[in-house]
Amino acid sequence: MSAFTPEALPSADEARAALTALRREVAKAVVGQDETVTGLVVALLCRGHVLLEGVPGVAKTLLVRTVSQALSLDHKRVQFTPDLMPGDVTGSLVYDQHTAKFEFMQGPVFTNLLLADEINRTPPKTQASLLEAMEERQVTVEGRPMALPDPFMVAATQNPVEYEGTYPLPEAQLDRFLLKVTVPLPERNAEVAMLGRHAAGFDPSDLTAAGVTAVAGAAELHAARNAVAGVRIAPEVLGYIVDLCRATRFSASLQLGASPRGATALLKTSRAWAWLSGRDYVTPDDVKALAKGTLRHRIGLRPEAELEGATADGILDGVLASVPVPR
C-alpha cells in the first residue's frame with residue numbers, strides 16, 4: 001500500500017516541474033550530461049534500472065550521487081570486485097552472542113539508489129544476486145522475503161574498453177536493465193567549463209558546498225509515476241513499437257533480436273518521455289527518442305557483422321529508418 005494519500009501528493013504539473021528542475025540542479029556538479037540525467041529520471045518513473053557505459057573519468061559515479069542528493073533519496077555505492085560475495089550485496093545472517101540468535105544484517109542493496117560500480121568485474125554468482133532485487137524488489141533470506149525501499153533503482157556502470165579480468169553480463173541479466181545509457185566524453189567547451197570549476201575549488205566529494213539541493217523527493221516521484229500510467233497510446237503507435245522490435249529479430253546482422261520484454265520496456269520509456277515532454281499521449285517521435293537506449297543492450301550482433309564494424313546503435317538506426325512510421 002502506498003505511503004502517500006492523494007491529498008499529500010503534489011499535482012502532476014508540480015511533479016513535472018520538479019523533475020525538470022533536476023537537470024539544472026545536477027548541472028551544478030556535472031557538466032554536459034543532460035541525456036544521462038534524463039535516462040536516470042525515465043528509469044525512476046518506470047521503476048526500472050539503468051546500465052551506464054562509459055570510459056573511466058566521465059563522472060558516472062558523481063552523476064548518480066548528485067541525482068540522489070537532488071531527489072533527496074538514500075544511495076549506497078558498491079565497488080564490484082572479483083572477490084565480492086552475494087552476501088556483501090544483499091546482506092547476511094550474523095550470530096548475535098547477546099541474544100544467541102542469528103540476526104539479518106542488511107546489505108547495501110537496502111537503499112533507494114544503488115550504484116553498482118563496474119558490475120562486470122564481479123563473477124556471475126554475485127551479479128545474479130542482484131536479479132531478485134531488480135525484478136522482485138525484495139531479498140529472500142532463509143525463505144523469508146524482505147522488501148526493499150520504494151523507490152528503488154540500480155544504476156550499474158561498466159567500462160566498455162577494458163575486458164581483461166571482467167565477466168560480461170549475460171543476455172538474461174542485461175534484459176533486466178530498462179535502459180543502457182552511453183555516457184560520452186564531454187565536448188571541448190564542457191570540458192573547459194569543468195576544469196574551470198575545479199580550478200575555482202570545486203570538490204566532488206562535497207555536493208552541498210557545490211550548491212546541490214533537493215528539488216524533488218519520493219512524493220514527486222510517486223505523483224509522476226501515477227501521471228505516467230495515465231499517458232495514452234494509440235493502437236497505431238503500439239503497432240509501431242512491435243514492428244520495430246520484430247524488425248530486429250529478422251535483421252541479417254543480428255543473432256539476437258529484441259524480446260517481447262524489450263517491446264514492453266519501449267512502451268514504458270516512451271510514455272515516461274511523452275509525459276516529461278508535457279503531453280498525455282505518445283507519439284512515434286517519443287518511441288524513436290527512446291528506442292536506442294531501450295533496445296541497444298537487448299540485441300546481439302553476429303560475429304561477422306562485428307568484424308565489419310557494425311554497432312548496435314548503427315543497426316538500430318537502420319531499423320528506425322526502414323520501419324514505416326504511423327501517420
Side-chain angles (χ1 to χ4, degrees), residues 35 38-39 42-43 45-53 119-120 124 127-128 130-132 134-136 154 156 158 160 163 166-183 228 231-274 281-327:
E35 185 177 340
T38 298
V42 166
L45 292 179
C46 299
R47 293 180 170 85
H49 310 283
V50 180
L51 182 62
L52 301 173
E53 185 173 87
I119 191 172
N120 56 335
Q127 291 176 4
L130 275 179
L131 281 178
E132 182 186 17
M134 292 170 67
E135 193 71 15
E136 306 296 334
V154 174
Q158 66 176 10
Y163 295 109
T166 64
Y167 303 84
L169 296 176
E171 284 76 7
Q173 186 159 358
L174 283 171
D175 206 31
R176 295 306 196 279
F177 286 97
L178 181 74
L179 291 166
K180 179 181 178 181
V181 178
T182 302
V183 185
V228 168
V231 172
R232 294 175 287 115
I233 182 163
E236 295 81 6
V237 181
L238 285 175
Y240 181 54
I241 292 174
V242 170
D243 290 341
L244 286 174
C245 292
R246 287 178 62 84
T248 66
R249 299 169 201 165
F250 297 104
S251 171
S253 300
L254 298 178
Q255 61 183 357
L256 177 69
S259 68
R261 181 185 285 142
T264 302
L266 186 52
L267 166 63
K268 292 178 180 178
T269 57
S270 300
R271 289 175 106 174
W273 178 246
Y281 60 91
V282 178
T283 70
D285 285 340
D286 297 323
V287 177
K288 286 183 176 182
L290 274 298
K292 287 197 284 189
T294 308
L295 300 179
R296 61 166 60 107
H297 56 299
R298 304 175 193 271
I299 60 176
L301 274 66
R302 293 188 184 278
E304 55 269 28
E306 289 189 87
L307 289 174
E308 293 171 1
T311 63
D313 282 7
I315 290 171
L316 288 173
D317 282 332
V319 168
L320 288 167
S322 65
V323 174
V325 179
R327 300 297 178 188

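Only a predicted model underlies this, so the values are computations on that prediction, with no experimental measurement involved.
For the pair R302 and L254, the minimum side-chain heavy-atom distance is 4.5 Å or more. Considering only heavy atoms from C-beta on, Y281 stays 4.5 Å or farther from D286 through its side chain. Using a 4.5 Å cut-off on side-chain heavy atoms (C-beta onward), T38 and V181 make no contact. Looking at heavy atoms from C-beta onward, I233 lies out of side-chain contact with S270 at the 4.5 angstrom threshold. The shortest distance between side-chain heavy atoms of L290 and L266 falls below 4.5 Å. Annotation: side chain of L307 is not in contact with side chain of P303 (no heavy-atom distance under 4.5 Å). Proximity of V282 to V287: side-chain heavy atoms (C-beta onward) are separated by under 4.5 Å at one or more points. The shortest distance between side-chain heavy atoms of L131 and E136 does not fall below 4.5 Å.
The shortest non-hydrogen separation linking A258 to T248 is N-OG1, 2.9 Å. Taking all atoms of both residues into account, the shortest heavy-atom contact from Q173 to Q127 is NE2-O, 2.9 Å. Closest approach of D175 to R298, counting heavy atoms only: OD1-NH1, 2.6 Å. Counting all heavy atoms, side chain and backbone alike, S251 lies closest to I315 at OG-CG2, 4.0 Å. When every heavy atom of L178 is checked against every heavy atom of V42, the shortest pair comes out as CD2-O, 4.4 Å. Pairing each heavy atom of A263 with each of I241, the nearest pair is O-CG2, 3.6 Å.
Other residues, nucleotides and ligands contribute at most 12 non-hydrogen atoms within 6.0 Å of the CD atom of E35. At most 12 non-hydrogen atoms from other residues, nucleotides or ligands lie less than 6.0 angstrom from CZ of R246. Other residues, nucleotides and ligands contribute at most 12 non-hydrogen atoms within 6.0 Å of the CD atom of E171.
Between D317 and K292 there is a salt bridge, since at least one side-chain N of the basic residue sits less than 4.0 Å from a carboxylate O of the acidic one.
Panel note: side chain H49, backbone R176; no donor-acceptor pair is recorded below 3.5 Å. R249 places no side-chain N or O within donor-acceptor distance of the main-chain N or O of L256, the cut-off being under 3.5 Å. When atom types are taken as modelled, the side chain of R296 and the backbone of D313 share no donor-acceptor pair closer than 3.5 angstrom. Side chain of Q255 to main chain of L301: a donor-acceptor pair is present (N/O by atom type, distance under 3.5 Å, no hydrogens or angles).
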V50/K180 under side chain to side chain contact (heavy atoms under 4.5 Å, CB included): CA gap, chis, key distance, verdict: CA-CA 6 Å; V50 180; K180 179 181 178 181; over 6 Å; no

